Amino acid sequence: MTAGRYAPSPSGDLHVGNLRTALLAWLFARSTGREFLLRVEDLDRVQDGAEARQLTDLAAIGLDWDGPVVRQSGRAGLYADALSRLDVYECYCTRREILSAPSAPHAPEGAYPGTCRDLTEAEREARRRDRPAALRLRSTVRSYTVADELHGEYTGAVDDVVLRRGDGTYAYNLAVVVDDAAQGVDQVVRGDDLLSSAPRQAYLASLLGAAPPRYAHVPMVLGPNGVRLAKRDGAVTLAERGGPSVVLPELAGSLGLRGSTPAEMLDGFDPAALPTEPWTLPL
Ligand code: GLU
(Lines give C-alpha, C1' and ligand atoms only; values in the text may rest on other atoms or scores of the structure.)
Protein backbone atom coordinates (compact mmCIF):
# COMPACT_ATOMS: atom_id res chain seq x y z
CA MET A 1 0.00 0.00 0.00
CA THR A 2 1.18 3.53 -0.66
CA ALA A 3 -0.43 6.47 1.01
CA GLY A 4 -0.45 10.18 1.57
CA ARG A 5 -1.74 11.77 4.72
CA TYR A 6 -2.85 14.87 6.54
CA ALA A 7 -1.64 15.12 10.12
CA PRO A 8 -3.21 18.02 12.03
CA SER A 9 -2.39 18.94 15.61
CA PRO A 10 -5.70 19.34 17.48
CA SER A 11 -4.71 22.64 19.04
CA GLY A 12 -7.71 24.61 17.79
CA ASP A 13 -9.93 25.06 14.76
CA LEU A 14 -8.38 24.63 11.33
CA HIS A 15 -7.97 27.88 9.43
CA VAL A 16 -8.06 28.41 5.68
CA GLY A 17 -4.33 27.81 5.44
CA ASN A 18 -4.67 24.43 7.15
CA LEU A 19 -7.66 23.55 4.94
CA ARG A 20 -5.70 24.48 1.83
CA THR A 21 -2.81 22.23 2.87
CA ALA A 22 -5.26 19.39 3.65
CA LEU A 23 -6.89 19.84 0.25
CA LEU A 24 -3.50 19.72 -1.45
CA ALA A 25 -2.49 16.60 0.49
CA TRP A 26 -5.74 14.95 -0.63
CA LEU A 27 -5.23 16.05 -4.27
CA PHE A 28 -1.65 14.77 -4.32
CA ALA A 29 -2.71 11.41 -2.86
CA ARG A 30 -5.84 10.85 -4.92
CA SER A 31 -4.29 12.02 -8.19
CA THR A 32 -1.53 9.43 -7.76
CA GLY A 33 -3.80 6.54 -6.77
CA ARG A 34 -2.70 6.59 -3.15
CA GLU A 35 -4.74 6.03 -0.05
CA PHE A 36 -5.28 9.13 2.04
CA LEU A 37 -4.83 8.77 5.79
CA LEU A 38 -5.74 11.09 8.62
CA ARG A 39 -3.51 11.15 11.67
CA VAL A 40 -4.19 13.30 14.71
CA GLU A 41 -0.92 14.54 16.19
CA ASP A 42 -2.10 14.84 19.76
CA LEU A 43 1.10 14.32 21.73
CA ASP A 44 0.88 17.91 22.94
CA ARG A 45 -1.02 21.14 22.30
CA VAL A 46 -4.43 19.52 22.56
CA GLN A 47 -7.54 21.67 22.89
CA ASP A 48 -10.72 19.99 24.09
CA GLY A 49 -13.12 19.37 21.21
CA ALA A 50 -10.73 20.60 18.52
CA GLU A 51 -10.17 17.20 16.93
CA ALA A 52 -13.88 16.61 16.36
CA ARG A 53 -14.30 20.07 14.86
CA GLN A 54 -11.27 19.58 12.60
CA LEU A 55 -12.60 16.27 11.27
CA THR A 56 -16.02 17.81 10.71
CA ASP A 57 -14.52 20.69 8.73
CA LEU A 58 -12.32 18.38 6.61
CA ALA A 59 -15.36 16.26 5.73
CA ALA A 60 -17.43 19.39 5.08
CA ILE A 61 -15.04 20.56 2.35
CA GLY A 62 -15.37 17.16 0.67
CA LEU A 63 -12.23 15.36 1.79
CA ASP A 64 -12.50 11.67 2.55
CA TRP A 65 -9.94 9.36 4.12
CA ASP A 66 -9.20 5.68 4.26
CA GLY A 67 -9.41 3.57 7.38
CA PRO A 68 -9.79 4.76 10.93
CA VAL A 69 -8.29 8.04 12.14
CA VAL A 70 -5.03 7.30 13.93
CA ARG A 71 -4.09 9.18 17.10
CA GLN A 72 -0.50 9.53 18.20
CA SER A 73 -1.52 9.43 21.86
CA GLY A 74 -2.31 5.72 21.46
CA ARG A 75 1.01 4.76 19.88
CA ALA A 76 3.61 5.19 22.65
CA GLY A 77 4.64 1.53 22.31
CA LEU A 78 5.69 2.08 18.69
CA TYR A 79 7.72 5.17 19.60
CA ALA A 80 9.39 3.38 22.51
CA ASP A 81 10.33 0.50 20.23
CA ALA A 82 11.83 2.86 17.64
CA LEU A 83 13.74 4.73 20.33
CA SER A 84 15.27 1.46 21.55
CA ARG A 85 16.73 0.93 18.08
CA LEU A 86 18.43 4.34 17.92
CA ASP A 87 21.67 5.59 19.43
CA VAL A 88 20.56 8.20 21.95
CA TYR A 89 21.96 10.05 24.94
CA GLU A 90 20.49 11.86 27.91
CA CYS A 91 20.36 15.64 27.77
CA TYR A 92 19.74 17.83 30.81
CA CYS A 93 20.00 21.24 29.14
CA THR A 94 17.34 23.86 29.51
CA ARG A 95 16.45 26.01 26.53
CA ARG A 96 18.31 28.88 28.14
CA GLU A 97 21.46 26.80 28.60
CA ILE A 98 21.38 25.76 24.96
CA LEU A 99 21.02 29.36 23.79
CA SER A 100 23.88 30.59 25.94
CA ALA A 101 26.27 27.70 25.17
CA PRO A 102 29.00 28.42 22.64
CA SER A 103 28.07 26.70 19.40
CA ALA A 104 30.27 23.85 18.19
CA PRO A 105 32.70 24.73 15.39
CA HIS A 106 31.11 24.45 11.93
CA ALA A 107 27.74 23.60 13.49
CA PRO A 108 24.71 24.86 11.60
CA GLU A 109 22.84 27.82 13.05
CA GLY A 110 20.56 26.80 15.91
CA ALA A 111 22.03 23.30 16.16
CA TYR A 112 22.28 21.68 19.59
CA PRO A 113 25.82 22.52 20.78
CA GLY A 114 26.45 18.99 22.07
CA THR A 115 26.80 19.94 25.74
CA CYS A 116 25.54 16.59 27.06
CA ARG A 117 26.82 14.38 24.24
CA ASP A 118 30.01 13.16 25.85
CA LEU A 119 29.37 13.36 29.58
CA THR A 120 30.86 10.67 31.78
CA GLU A 121 28.56 8.38 33.72
CA ALA A 122 29.48 10.26 36.92
CA GLU A 123 28.56 13.58 35.30
CA ARG A 124 25.27 12.14 34.10
CA GLU A 125 24.53 10.83 37.57
CA ALA A 126 25.04 14.33 38.98
CA ARG A 127 23.00 16.09 36.30
CA ARG A 128 20.09 13.65 36.65
CA ARG A 129 19.46 15.15 40.08
CA ASP A 130 18.82 18.57 38.48
CA ARG A 131 16.01 17.58 36.18
CA PRO A 132 14.60 14.67 34.20
CA ALA A 133 16.62 13.96 31.09
CA ALA A 134 15.45 14.37 27.53
CA LEU A 135 16.77 11.85 25.01
CA ARG A 136 18.67 13.10 21.96
CA LEU A 137 19.74 11.27 18.84
CA ARG A 138 23.49 10.83 18.53
CA SER A 139 23.56 11.99 14.93
CA THR A 140 26.51 11.00 12.76
CA VAL A 141 25.72 13.48 9.97
CA ARG A 142 25.41 17.25 9.90
CA SER A 143 23.15 17.50 6.88
CA TYR A 144 20.90 15.35 4.74
CA THR A 145 19.21 15.71 1.36
CA VAL A 146 15.58 15.04 0.52
CA ALA A 147 13.61 15.09 -2.72
CA ASP A 148 10.72 17.54 -2.83
CA GLU A 149 8.09 17.84 -5.53
CA LEU A 150 8.14 21.64 -5.39
CA HIS A 151 11.63 22.42 -4.06
CA GLY A 152 13.68 19.80 -5.89
CA GLU A 153 16.68 18.41 -4.02
CA TYR A 154 16.77 20.10 -0.64
CA THR A 155 19.69 19.80 1.73
CA GLY A 156 19.29 20.87 5.33
CA ALA A 157 20.92 20.65 8.72
CA VAL A 158 20.66 17.63 10.98
CA ASP A 159 21.62 17.92 14.63
CA ASP A 160 21.15 15.82 17.77
CA VAL A 161 17.40 16.20 17.69
CA VAL A 162 15.32 15.56 20.82
CA LEU A 163 13.41 12.28 20.49
CA ARG A 164 11.80 12.18 23.93
CA ARG A 165 11.34 15.20 26.12
CA GLY A 166 12.21 15.42 29.79
CA ASP A 167 8.55 15.03 30.72
CA GLY A 168 8.46 11.69 28.88
CA THR A 169 6.53 12.96 25.83
CA TYR A 170 7.76 11.56 22.54
CA ALA A 171 8.90 14.34 20.25
CA TYR A 172 7.10 15.25 17.05
CA ASN A 173 10.22 14.53 14.97
CA LEU A 174 10.30 10.91 16.16
CA ALA A 175 6.55 10.26 16.10
CA VAL A 176 6.07 11.64 12.59
CA VAL A 177 8.82 9.42 11.19
CA VAL A 178 7.70 6.27 13.02
CA ASP A 179 4.08 6.79 12.02
CA ASP A 180 4.74 7.56 8.37
CA ALA A 181 6.86 4.41 8.11
CA ALA A 182 4.39 2.22 10.05
CA GLN A 183 1.42 3.49 8.06
CA GLY A 184 2.98 3.02 4.64
CA VAL A 185 3.05 6.76 3.97
CA ASP A 186 5.40 7.41 1.06
CA GLN A 187 4.10 10.89 0.19
CA VAL A 188 4.25 13.75 2.68
CA VAL A 189 2.43 16.94 1.70
CA ARG A 190 2.50 19.73 4.27
CA GLY A 191 3.24 23.41 4.74
CA ASP A 192 6.67 24.64 3.73
CA ASP A 193 7.30 25.86 7.28
CA LEU A 194 8.31 22.22 7.83
CA LEU A 195 10.71 21.99 4.87
CA SER A 196 13.73 22.55 7.10
CA SER A 197 12.61 19.61 9.31
CA ALA A 198 12.46 17.18 6.40
CA PRO A 199 16.21 16.39 6.27
CA ARG A 200 16.38 15.37 9.94
CA GLN A 201 13.19 13.34 9.59
CA ALA A 202 14.41 11.56 6.45
CA TYR A 203 17.71 10.86 8.21
CA LEU A 204 15.83 9.39 11.18
CA ALA A 205 13.78 7.26 8.78
CA SER A 206 16.99 5.94 7.24
CA LEU A 207 18.31 4.98 10.69
CA LEU A 208 15.08 3.07 11.31
CA GLY A 209 15.45 1.25 8.01
CA ALA A 210 12.58 3.06 6.30
CA ALA A 211 12.67 4.61 2.84
CA PRO A 212 12.27 8.38 2.94
CA PRO A 213 8.89 9.61 1.73
CA ARG A 214 8.54 11.77 -1.33
CA TYR A 215 7.90 15.28 0.01
CA ALA A 216 5.83 18.17 -1.29
CA HIS A 217 6.17 21.24 0.92
CA VAL A 218 3.46 23.61 -0.22
CA PRO A 219 3.42 27.39 0.16
CA MET A 220 1.89 28.93 3.22
CA VAL A 221 -1.15 31.14 3.42
CA LEU A 222 -0.33 34.59 4.75
CA GLY A 223 -2.45 36.99 6.75
CA PRO A 224 -2.84 40.69 5.96
CA ASN A 225 0.41 41.54 7.76
CA GLY A 226 2.39 39.29 5.41
CA VAL A 227 3.17 36.64 7.99
CA ARG A 228 1.75 33.16 8.35
CA LEU A 229 -2.01 33.19 8.78
CA ALA A 230 -3.15 32.94 12.40
CA LYS A 231 -6.47 32.81 14.20
CA ARG A 232 -6.06 36.39 15.42
CA ASP A 233 -6.07 37.63 11.81
CA GLY A 234 -9.88 37.61 11.84
CA ALA A 235 -12.29 35.54 9.75
CA VAL A 236 -10.09 32.55 9.02
CA THR A 237 -12.03 29.37 9.89
CA LEU A 238 -14.48 27.55 7.62
CA ALA A 239 -17.49 28.78 9.60
CA GLU A 240 -16.19 32.35 9.91
CA ARG A 241 -15.72 32.63 6.15
CA GLY A 242 -19.19 31.37 5.29
CA GLY A 243 -18.73 27.62 4.90
CA PRO A 244 -17.62 25.32 2.09
CA SER A 245 -19.56 27.12 -0.65
CA VAL A 246 -17.40 30.22 -0.05
CA VAL A 247 -14.13 28.59 0.94
CA LEU A 248 -13.86 25.91 -1.76
CA PRO A 249 -14.01 28.30 -4.73
CA GLU A 250 -11.61 30.60 -2.87
CA LEU A 251 -9.13 27.75 -2.38
CA ALA A 252 -9.52 26.51 -5.96
CA GLY A 253 -8.87 30.02 -7.27
CA SER A 254 -5.79 30.43 -5.10
CA LEU A 255 -4.40 27.18 -6.54
CA GLY A 256 -5.28 27.91 -10.14
CA LEU A 257 -7.67 24.94 -10.16
CA ARG A 258 -11.12 24.56 -11.64
CA GLY A 259 -14.05 23.00 -9.85
CA SER A 260 -16.01 23.60 -6.70
CA THR A 261 -15.38 20.27 -4.99
CA PRO A 262 -12.12 18.42 -4.34
CA ALA A 263 -13.30 15.65 -6.67
CA GLU A 264 -13.80 18.19 -9.48
CA MET A 265 -10.43 19.79 -8.76
CA LEU A 266 -8.73 16.43 -9.31
CA ASP A 267 -9.45 16.78 -12.99
CA GLY A 268 -6.38 18.45 -14.41
CA PHE A 269 -4.50 18.63 -11.10
CA ASP A 270 -0.84 19.11 -11.95
CA PRO A 271 1.72 19.63 -9.16
CA ALA A 272 4.08 21.31 -11.64
CA ALA A 273 1.50 24.04 -12.28
CA LEU A 274 0.88 24.89 -8.61
CA PRO A 275 1.80 28.38 -7.44
CA THR A 276 5.15 28.40 -5.67
CA GLU A 277 4.57 31.70 -3.87
CA PRO A 278 2.58 32.08 -0.64
CA TRP A 279 -1.03 33.15 -0.97
CA THR A 280 -2.22 36.19 0.95
CA LEU A 281 -5.73 35.57 2.20
CA PRO A 282 -8.08 38.44 1.30
CA LEU A 283 -9.72 39.53 4.54
N1 GLU B 1 1.14 18.05 13.05
C2 GLU B 1 1.93 18.97 12.29
C3 GLU B 1 1.24 20.30 12.25
O4 GLU B 1 0.03 20.36 12.40
C5 GLU B 1 2.15 18.52 10.86
C6 GLU B 1 3.18 17.50 10.77
C7 GLU B 1 3.44 16.95 9.40
O8 GLU B 1 2.60 17.08 8.49
O9 GLU B 1 4.47 16.32 9.26
O10 GLU B 1 1.90 21.29 12.06
Side-chain angles (χ1 to χ4, degrees), residues 2-29 34-47 49-55 57-58 61 63 65 69-75 78-79 82 144 146-151 154 156 158 161-163 165 169-206 208 210-223 227-231 236-238 278:
T2 61
R5 50 51 159 200
Y6 183 61
S9 303
S11 54
D13 288 313
L14 297 173
H15 61 51
V16 183
N18 306 131
L19 293 172
R20 189 174 185 256
T21 300
L23 170 64
L24 282 167
W26 185 93
L27 289 166
F28 269 92
R34 285 179 167 84
E35 295 206 319
F36 184 64
L37 310 181
L38 206 72
R39 184 172 71 231
V40 176
E41 303 210 317
D42 58 350
L43 292 180
D44 56 2
R45 295 189 297 139
V46 175
Q47 185 197 84
E51 176 195 315
R53 295 198 305 276
Q54 292 186 341
L55 299 184
D57 284 358
L58 292 169
I61 64 165
L63 303 185
W65 49 88
V69 171
V70 162
R71 286 177 194 81
Q72 290 189 324
S73 54
R75 295 164 73 81
L78 276 178
Y79 309 140
Y144 206 74
V146 298
D148 188 282
E149 200 76 45
L150 304 177
H151 298 264
Y154 174 83
V158 176
V161 60
V162 170
L163 301 179
R165 301 199 311 232
T169 308
Y170 291 98
Y172 156 69
N173 280 304
L174 176 68
V176 75
V177 169
V178 170
D179 285 336
D180 283 341
Q183 295 186 279
V185 169
D186 67 341
Q187 179 190 61
V188 169
V189 178
R190 58 189 181 187
D192 64 13
D193 55 333
L194 288 170
L195 178 62
S196 64
S197 296
R200 69 174 72 94
Q201 293 172 2
Y203 172 60
L204 255 182
S206 76
L208 290 168
R214 177 95 195 158
Y215 293 98
H217 287 91
V218 300
M220 298 266 96
V221 176
L222 306 182
V227 298
R228 179 147 64 113
L229 189 67
K231 293 301 165 30
V236 296
T237 66
L238 188 62

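Counting starts at 1 for both ligands and their atoms, in listed order. Only heavy atoms go into these numbers, but all of them, side chains included; no hydrogens, no water, no symmetry mates. Keep in mind the model is a prediction, meaning the values are calculated, not measured.
- With contacts defined as side-chain heavy-atom distances shorter than 4.5 Å, the pair Asp186/Arg214 does not qualify.
- At a 3.5 angstrom cut-off on N or O pairs, Arg45 does not count as close to ligand 1.
- Interface of Ser9 with ligand 1, defined as ligand atoms under 4.0 Å from a residue heavy atom, comprises 1 (N), 2 (C), 3 (C), 4 (O).
- Salt-bridge formation is detected for the pair Asp13/Arg53: a Lys NZ or Arg NE/NH1/NH2 atom is positioned less than 4.0 Å from an Asp or Glu carboxylate oxygen.
- Closest to atom 2 (C) of ligand 1 by heavy atom, among Arg5, Arg39, Glu41, Gln54, is Glu41.
- Residue Tyr172 places a heavy atom less than 4.0 Å from ligand 1.
- Residues Ser9 and Tyr172 fail the side-chain proximity criterion, which asks for heavy atoms closer than 4.5 Å.
- The atoms of ligand 1 that sit less than 4.0 Å from any heavy atom of Val176 are 9 (O).
- Residue, atom and distance of the protein heavy atom nearest to atom 9 (O) of ligand 1 are Arg190 NH1, 2.8 Å.
- Tyr6 pairs with exactly one of Leu14, Val40, Leu19 by the side-chain contact (heavy atoms from CB on, under 4.5 Å) rule, that one being Leu14.
- What sits closest to atom 5 (C) of ligand 1 on the protein, heavy atoms only, is Ala7 O, 3.4 Å.
- Put simply, the residue from Asp192, Thr21, Asp148 that forms a side-chain hydrogen bond (donor to acceptor under 3.5 Å, both in side chains) with His217 is Asp148.
- Geometrically, ligand 1 and Leu194 share no nitrogen or oxygen pair separated by less than 3.5 Å.
- Salt bridge Asp179/Arg5: absent, no basic N to carboxylate O contact under 4.0 Å.
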